[in-house]
Amino acid sequence: MAGRASEWHKLPVSLKELCINTTLRCGQSFRWRKSAEDEWSAALHGRILSFRQDASHLHYRAIFPSTNATPTSLPTPPASNVPSESDDDNTLGLINHYFNLEPNLAQLYDQWAASDANFRKKAPKFTGVRILRQDPWEALIGFICSSNNNISRISSMVHNLCKHYGPLIGHINDEPYHDFPTPEALAVPEVEAHLMKLGFGYRAKYIAKTARMVAEEKGLAWLEGLCNPESPVFGKGTAPAGEMEDGGREGYRKAQAELLALHGVGPKVADCVCLFGLGWSESVPVDTHVWQIAQRDYKFGKGKHASLTQAMYVAIANHFRKLWGKEAGWAHSVLFTADLKAFSDRITAKVEIKEEEVLVKTEPGGSLLVDEVVKKDTIKRKRVKKEPEANEQQVVEIKEEVVRRSKRSRAR
DNA sequence: GGTACACCTCATGT
DNA sequence: AACATGAGGTGTA
C-alpha cells in the first residue's frame with residue numbers, strides 16, 4: 001500500500017549541475033535502484049525517494065509509510081533548511097542536502113579544467129557528477145563491503161543489509177524498500193554468521209565488529225562528530241573547517257586517522273567515508289583504478305617494481321590536492337567516473353553508432369541491435385531477428401553473445 | 001618501513 | 001572443465 005503524498009514535484013536543475021544517471025551509478029552510493037525507465041529510487045530518511053530528470057528539471061517524489069510510525073535512524077531535518085512552500089516534511093531540504101546542490105558545479109569544472117589538461121580532456125562527457133552527502137554510517141558500511149569487490153555485488157550486498165536489518169519503508173511495484181539499518185541492528189550476535197551465509201565472505205566479520213564498535217563503544221555521535229563542520233549530517237554548518245594543507249585540513253586528517261581504528265577500514269575505505277559521508281571534499285581515495293589513472297595520465301610509478309605502497313598512496317592524493325585544490329576529491333571522482341567501464345559507451349559513442357549502422361545494413365532481414373551494460377566491463381549484445389511477416393511469435397531467434405568492450409572495436 | 005600473502009565470492013578468460 | 005585472474009582492499013606476519 002502506497003503511503004501518503006506521492007505526487008511528483010520538480011526543481012529547476014540543468015544537467016551540467018546534476019546528472020542523476022551518472023551521479024547515482026558511479027559507485028559512491030550503492031542504494032539506488034531502477035524503479036522504472038529513467039527512474040531511480042531508494043529509501044532515505046524514512047521515506048522512499050524517487051527521481052527522474054529532463055534537460056531543465058529534477059523531478060522527485062516522496063512516499064511515506066502509511067502509518068505515522070516513529071522516524072528511522074536519522075533525525076528530521078531542522079526547520080532552518082526548509083525552503084518553505086508546502087514542504088512540511090522537508091523533502092526539498094533533504095534533496096538539497098543529499099545532492100549537495102549548493103556549489104556551482106559548472107564553475108568548479110571550469111576551475112579544475114583550468115589547472116589540468118587531462119581534466120579538460122576527460123570531463124566534458126561527464127558533466128553533472130556531484131559528490132553526494134550520504135549518511136556517514138551508511139557510507140562506512142557500504143565501503144567496508146567494497147574491498148576486493150565490484151559495484152554490482154557491493155550493491156546487492158548493501159541491498160541485503162537493508163532487506164534483512166533495515167526498517168521497511170514502503171513498496172514500489174510490489175518491491176519492498178528498506179532504509180539502511182542502524183548500528184544497533186547490525187550489532188546483534190547472529191549477524192556475522194548470517195552475513196556469511198548471505199555471501200559477504202570475510203567482510204561479514206568486518207561489518208559485525210565495526211557495528212559493535214560503533215553501537216557499544218564509540219557511538220554514532222563519535223562518527224558524526226568527524227563530519228566537516230561546514231557540512232554536518234544535516235543542515236547548514238557554521239563552524240569553519242580549517243586551513244587547507246598538502247595533506248588536507250586538520251579535521252579531514254583526524255577523521256581519516258580515527259576511522260582507521262575500525263576493523264575492515266584501511267586508508268582507501270576511510271577516504272571514501274570522509275569524501276562521501278563526512279563532507280571532506282579534499283579526500284582522495286586511491287584504489288587500483290585511481291592508481292591506474294595516476295600511472296597512465298600523471299606519470300606516477302613508472303618505475304620497475306611500482307606498486308601502490310602507503311607512500312605512493314599519499315603522494316598521489318597530495319598531488320591531486322595540489323592540482324585541484326580543496327575539492328580535489330570531487331574532481332578525482334569525475335575522472336574516476338570517466339574511466340568506469342560501465343560508462344565506456346560515452347567514450348566510444350561514435351564507434352558504436354557506426355558498428356550498428358554497418359550491422360543493420362549487412363543484415364537485410366532487418367535486425368535490431370540491443371547493447372545493454374550487464375556488468376562493469378561487459379555488455380550483452382542481443383541480436384533480435386524478426387520475421388518478415390508478423391506472426392504471433394515475432395522474435396524468431398535471439399542470439400546472445402557476451403563480448404569484451406575493448407575488443408569490440410576491432411571485432412567485425 | 002616496506003613486501004608478500006591470505007581472504008570470501010563471483011564472473012570472466014584461458 | 002579445471003584453473004587463473006581481478007574486482008573501487010585490509011589484516012598479518
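Each chain gets a letter, A, B and so on, in the order its sequence line appears, and its residues count up from 1.
- Nearest-nucleotide positions on DNA chain C for A:Gly264 and A:Pro285 put A:Pro285 closer to the 5' end.
- One interatomic measurement links the two molecules: CG of A:Leu140 to C1' of C:dG8, which rounds to 16 Å at whole-angstrom precision.
- Taking atom OH of residue A:Tyr202 and atom C1' of nucleotide B:dC10, one finds them 12 Å apart after rounding to whole Å.
- Atom name P, nucleotides B:dC7 and C:dA2: the rounded distance is 22 Å, in whole Å.
- Using a 4.0 Å heavy-atom cutoff across all strands shown, A:Gly199 reaches sugar-phosphate atoms only and no base atom.
- Only the P atoms considered, C:dG8 is 31 Å distant from B:dG1, to the nearest whole Å.
- The P atoms of C:dA1 and B:dC8 are separated by 28 Å, rounded to the nearest whole Å.
- A:Pro267 comes within 4.0 angstrom of the backbone, heavy atoms only, and of no base.
- Residue A:Tyr313 contributes atom OH, which lies 19 Å from atom P of B:dG1 at whole-angstrom precision.
- Among the protein residues, A:Cys26 comes within range of the nucleic acid bases, having at least one heavy atom under 4.0 Å from a base atom.
- Geometrically, A:Arg33 engages A:Tyr177 in a cation-pi contact, judged by NZ or CZ lying under 6.0 Å from the ring centre and within 45° of the ring axis.
- Looking at the side chain of A:Ser146, the nearest of the listed nucleotides C:dA7, B:dG2, C:dG8 is C:dG8.
- Comparing B:dG2 with C:dA7, their P atoms are spaced 24 Å from each other, to the whole Å.
- Set against C:dG8, B:dT3, C:dG9, the side chain of A:Ser307 has B:dT3 as its closest nucleotide.
- Here the straight-line distance linking atom CG of A:Leu323 with atom CH2 of A:Trp112 works out to 11.5 Å at 0.5 Å rounding.
- The shortest distance between the side-chain N/O atoms of A:Ser147 and the OP1/OP2 oxygens of B:dC7 is not below 4.0 Å.
- Spacing between atom CZ of A:Arg203 and atom C1' of B:dC8 amounts to 6 Å, rounded to whole angstrom units.
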When you look at A:Ser333 and A:Leu275, which way does the side chain to side chain contact (heavy atoms under 4.5 Å, CB included) test go after all the steps?
CA-CA 10 Å; A:Ser333 296; A:Leu275 180 60; 3.8 Å; yes
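- A:His194 and A:His164 have their aromatic ring centers within a separation under 6.0 angstrom.
- Nucleotide B:dG2 holds its P atom 11 Å from the CE atom of A:Met312, rounded to whole Å.
- Side-chain proximity of A:Val269 to the nucleotides B:dT3, C:dT10, C:dA7 is greatest for C:dT10.
- The OG1 atom of A:Thr337 sits 6.5 Å away from atom CZ of A:Phe343, with the distance rounded to the nearest 0.5 Å.
- Rounded to whole Å, the separation between the P atoms of B:dA6 and C:dG6 comes to 15 Å.
- Using atom P as the reference point in both C:dG11 and B:dC10, the two lie 23 Å apart (nearest Å).
- Both A:Phe30 and A:His263 lie near DNA chain C, and the one whose nearest nucleotide falls closer to the 5' end is A:Phe30.
- In this structure, the OH atom of A:Tyr206 is 15 Å from the P atom of B:dA6, given to the nearest Å.
- The residue A:Leu262 sits close only to the backbone: its heavy atoms come under 4.0 Å of sugar-phosphate atoms, none of a base.
- Atoms CD and CZ, on A:Gln292 and A:Phe300 in that order, are 15.0 Å from each other to the nearest 0.5 Å.
- If you check B:dC5 for Watson-Crick or wobble pairing at under 3.5 angstrom, you find it paired to C:dG11.
- When the C1' atom of B:dC10 is taken as reference, atom NZ of A:Lys197 falls 20 Å away, rounded to whole Å.
- The side chain of A:Phe276 lies closest to C:dG8, out of B:dT9, C:dG8, B:dC7.
- Between the C1' atom of C:dG8 and the CD1 atom of A:Ile144 lies a distance of 15 Å, rounded to the nearest Å.
- A:Val286 comes within 4.0 angstrom of nothing in the nucleic acid, heavy atoms only.
- Distance check: A:His289 NE2 to A:Phe336 CZ gives 6.0 Å after rounding to the nearest 0.5 Å.
- Residue A:Lys268 places a side-chain atom within donor-acceptor reach of the base of C:dG8, judged by atom type and a 3.5 Å distance cut-off alone.
- Among the atoms of the strands shown, none is found under 4.0 Å from any heavy atom of A:Ala204.
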